[in-house]
Amino acid sequence: QGFASGKLNLGELEVVKISRFKFIWSSNLEDKKKGVTFYKPVGIPDGFYILGHYCQSNDQPLRGFVLVAREAPSKSEAADFSTRVTSPALREPLDYTLAWKSNDGSEGSLEGCGFFWLPQPPEGYKSVGYLVTSSKKPKLDKVRCVRADLTDRCEKYRVMHSEFSFRVWSTRPYHRGMLGRGVSVGTFSCISDSIPGLELPLSCLKNLDPSLHGMPNCDQIHALINHYGPTFFFHPDEIYLPSSVSWFFENGALLFRKGDSVGEPIDVGCSNLPSGGCNDGEFWIDLPSGDQRKTIKLGNLASAKLYLHVKPALGGTFTDIALWIFCPFNGPATLKVGIMNIALNKIGQHVCDWEHVTLRICNFTGELWSIYFSQHSGGVWVNAYELEYTQGNKAIIYSSRNGHASFSHPGTYIQGSAKLGIGIRNDCASSNFYVDSSTHYELVAAEYLGDGIVAEPGWLQFMRKWGPTIVYDSRTELDKIVHVLPVMLQSSVKNIFYKLPVELYGEEGPTGPKEKNNWVGDERG
């Protein structure tokens, strides 16, 4: 099929990923670790056209890409002939607008200068990238504009360069997630204060191929997870380890209904677990009482596995493999104030914990591009070259003690103010407690493959809370801590406390994976 074949069909366009570049201009030639550098793609296959140039920060290894495009070979040339003649998918620009230039406008010497050109598209077409030159205006045949119906809305993403009146951003599609069809071209956007009205005049591409033929099939999914499946390391002092969902049900998990004080055991086959609906508070899952409760809270590492949700990303040009891990209990937090560490009694603890990381795989090449690490209420994308690895291409995931947030390297991460050393500790370290997702996993969802290809387990359809809601006066516990601190620290600690996530101020079980925003949407970050 189309996965990892080097080319992707977007409907009327066929695109190729180019990752070989030639230097054009750099914003900082003296210090090669500062500023950004602009490149043009090279090694373009015959018949394909540049859509824009590439920009990258100088403090990173050269690793990006841009897409080049051509009109997709038609299955029926005669049927499409009239459309192709009157409205081709790609056209040359009418002219260029000079968006910015690095020199002061003098015509004396252009050596070392950079000129940024925005293609002016014909009516009914969109520009999807800038061109950069070291001297004169480029020829019109150096770039192509794309017919408007083959494009989608684009947005600024991360600031790459900001100096004087000139700023550069990376871009990404506005419509992302499992259902989004926006395709990132890999180009940049820029703005100059001296030329108004040019703020993000770019679009991205749009995948109009309903089959998403570049996505991996079922066999390829298993090959990918066998090859890239990360190893999850838990802290050597971790008490609340993961388990499989079936072990959790088999060992006494209870289903409660609103108004009933007694819960019923959950059938391992999930026959008595309500499915569908929404998180309406009518049902929730809780632990059993007594010694059985103490045992189940500790989890069962031997049964633990990763639950996989595979979905399209960036219009089907990437594959996201979300790996969900389940823990029967989330332990209380530890507060760090300078050199002091204060173990909290209840704050941060709750029944059941669902955490995840997401592997982003390039559908052009099949290579691991980046991993998303979920961390409490947010998370961060980490590039593949910044990760730690074990057993070849298997990344290492460090799960924080008690809270199970995911990090790419060992250490102590402060949720609060790292600068002041005040906040909730997230301690990560390697240990003998680990789960290898390349062998311990279950594929639970891949909607794009079609109905019936992947059998979703019954528990995945439970849309209510995996744990009871218990509200307690955590402010009292925090106030007691504040009052014993030196006066000079009290104000700073209070301000940080009030900015911490509301989840720390009471016990509330999480919803399951399918109720999370990122099940359908893109990750935060």
Side-chain angles (χ1 to χ4, degrees), residues 232 234 238-309 322-332 346 348-356 399 402-404 433 435 437 440-445 454-472 503 506-516 519:
F232 289 69
F234 293 83
E238 181 63 75
I239 299 172
Y240 306 107
L241 291 165
S243 76
S244 67
V245 173
S246 58
W247 180 91
F248 179 60
F249 290 167
E250 289 168 354
N251 284 270
L254 300 174
L255 175 67
F256 282 81
R257 179 192 290 267
K258 188 177 181 180
D260 292 346
S261 58
V262 179
E264 63 174 298
I266 299 173
D267 174 54
V268 176
C270 304
S271 61
N272 63 334
L273 203 62
S275 64
C278 61
N279 180 29
D280 54 10
E282 288 296 316
F283 297 91
W284 63 89
I285 294 173
D286 202 353
L287 307 181
S289 57
D291 290 341
Q292 198 176 8
R293 182 182 183 89
K294 294 178 183 177
T295 300
I296 201 172
K297 284 170 70 173
L298 303 181
N300 179 263
L301 193 62
S303 72
K305 63 173 73 173
L306 278 297
Y307 298 100
L308 272 56
H309 177 210
L323 298 93
W324 292 89
I325 193 162
F326 172 75
C327 296
F329 197 75
N330 191 93
K346 293 182 177 180
Q349 73 176 21
H350 55 79
V351 171
C352 294
D353 191 23
W354 278 105
E355 299 290 347
H356 79 285
S399 183
N402 283 11
H404 310 131
F433 303 139
V435 182
S437 70
H440 294 73
Y441 72 92
E442 180 182 342
L443 178 60
V444 298
V454 177
E456 297 187 3
W459 55 261
L460 190 59
Q461 317 309 324
F462 182 69
M463 300 300 180
R464 279 83 173 188
K465 293 283 179 66
W466 288 64
T469 298
I470 304 172
V471 179
Y472 47 76
E503 65 194 47
E507 292 184 39
E508 186 170 18
T511 52
K514 224 171 189 180
E515 266 293 283
K516 309 293 188 188
W519 183 267

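Because the structure is a prediction, the values reported are computed rather than measured.
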query: Taking it one step at a time, do W247 and I296 satisfy side-chain contact (heavy atoms from CB on, under 4.5 Å)?
result: CA-CA 9 Å; W247 180 91; I296 201 172; 3.7 Å; yes
message: Walk me through whether I266 and W459 qualify under side-chain contact (heavy atoms from CB on, under 4.5 Å).
response: CA-CA 10 Å; I266 299 173; W459 55 261; over 6 Å; no
task: Using the side-chain contact (heavy atoms from CB on, under 4.5 Å) rule, take L323 and H356 through it: C-alpha gap first, then chi angles, then the decisive distance, then the call.
output: CA-CA 5 Å; L323 298 93; H356 79 285; 6.0 Å; no
message: With side-chain contact (heavy atoms from CB on, under 4.5 Å) as the criterion, how do V454 and E442 come out once you've worked through the C-alpha distance, each side chain's angles and the decisive distance to 0.1 Å?
response: CA-CA 10 Å; V454 177; E442 180 182 342; over 6 Å; no
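Between R257 and F283 there is a side-chain heavy-atom pair separated by less than 4.5 Å. Here the side chains of L298 and I239 are in contact, with some heavy-atom distance below 4.5 Å. For the pair N279/M463, no side-chain contact is recorded, criterion being any heavy-atom separation below 4.5 Å from C-beta on. Under the 4.5 Å side-chain criterion, counting only non-hydrogen atoms from C-beta, P242 is in contact with L301. Inter-residue side-chain proximity for F232 and S399 is flagged as unmet; no heavy-atom pair is nearer than 4.5 Å.
Ring geometry, F326 versus W354: the interplanar angle falls from 30° to 60°, so the pair is classed tilted.
The NZ atom of K294 sits 11.0 Å away from the OG atom of S289 when rounded to the nearest 0.5 Å. Annotation: the span from L306 atom CG to I325 atom CD1 amounts to 5.0 Å, rounded to 0.5 Å. To the nearest 0.5 Å, atoms CG (L241) and CG (N300) are separated by 9.0 Å. The line from CD of E250 to OG of S243 is 10.0 Å long, rounded to the nearest 0.5 Å.
Using modelled atom types, one side-chain atom of Y307 and one backbone atom of V245 make a donor-acceptor pair closer than 3.5 Å. A donor-acceptor pair under 3.5 Å links the side-chain atoms of S303 to the main chain of S244, judged by distance alone. Judged by distance alone, the side chain of E355 and the main-chain N or O of W324 form no donor-acceptor pair under 3.5 Å. In terms of modelled atom types and a separation under 3.5 Å, the side chain of K514 and the main chain of F462 share no donor-acceptor contact. Without hydrogens or angle criteria, Q292 side chain to N251 main chain gives a donor-acceptor distance under 3.5 Å. In terms of modelled atom types and a separation under 3.5 Å, the side chain of N272 and the main chain of D267 share a donor-acceptor contact.
Heavy-atom minimum distance, V351 versus P510: O-CD, 3.5 Å. Annotation for P288 and L254: closest pair CA-CD1, 3.9 Å, computed over non-hydrogen atoms. For the pair P274 and R464, the tightest heavy-atom approach, listed with the atom from each and the gap, is CB-NH1, 3.9 Å. Residues Y240 and P332 approach most closely at CE1-CD, 4.2 Å, considering heavy atoms. The nearest pair of heavy atoms linking W466 to T511 is CD1-C, 4.0 Å. Heavy-atom minimum distance, T469 versus K465: OG1-NZ, 4.4 Å.
Aromatic ring centroids of W519 and H309 lie under 6.0 Å apart.
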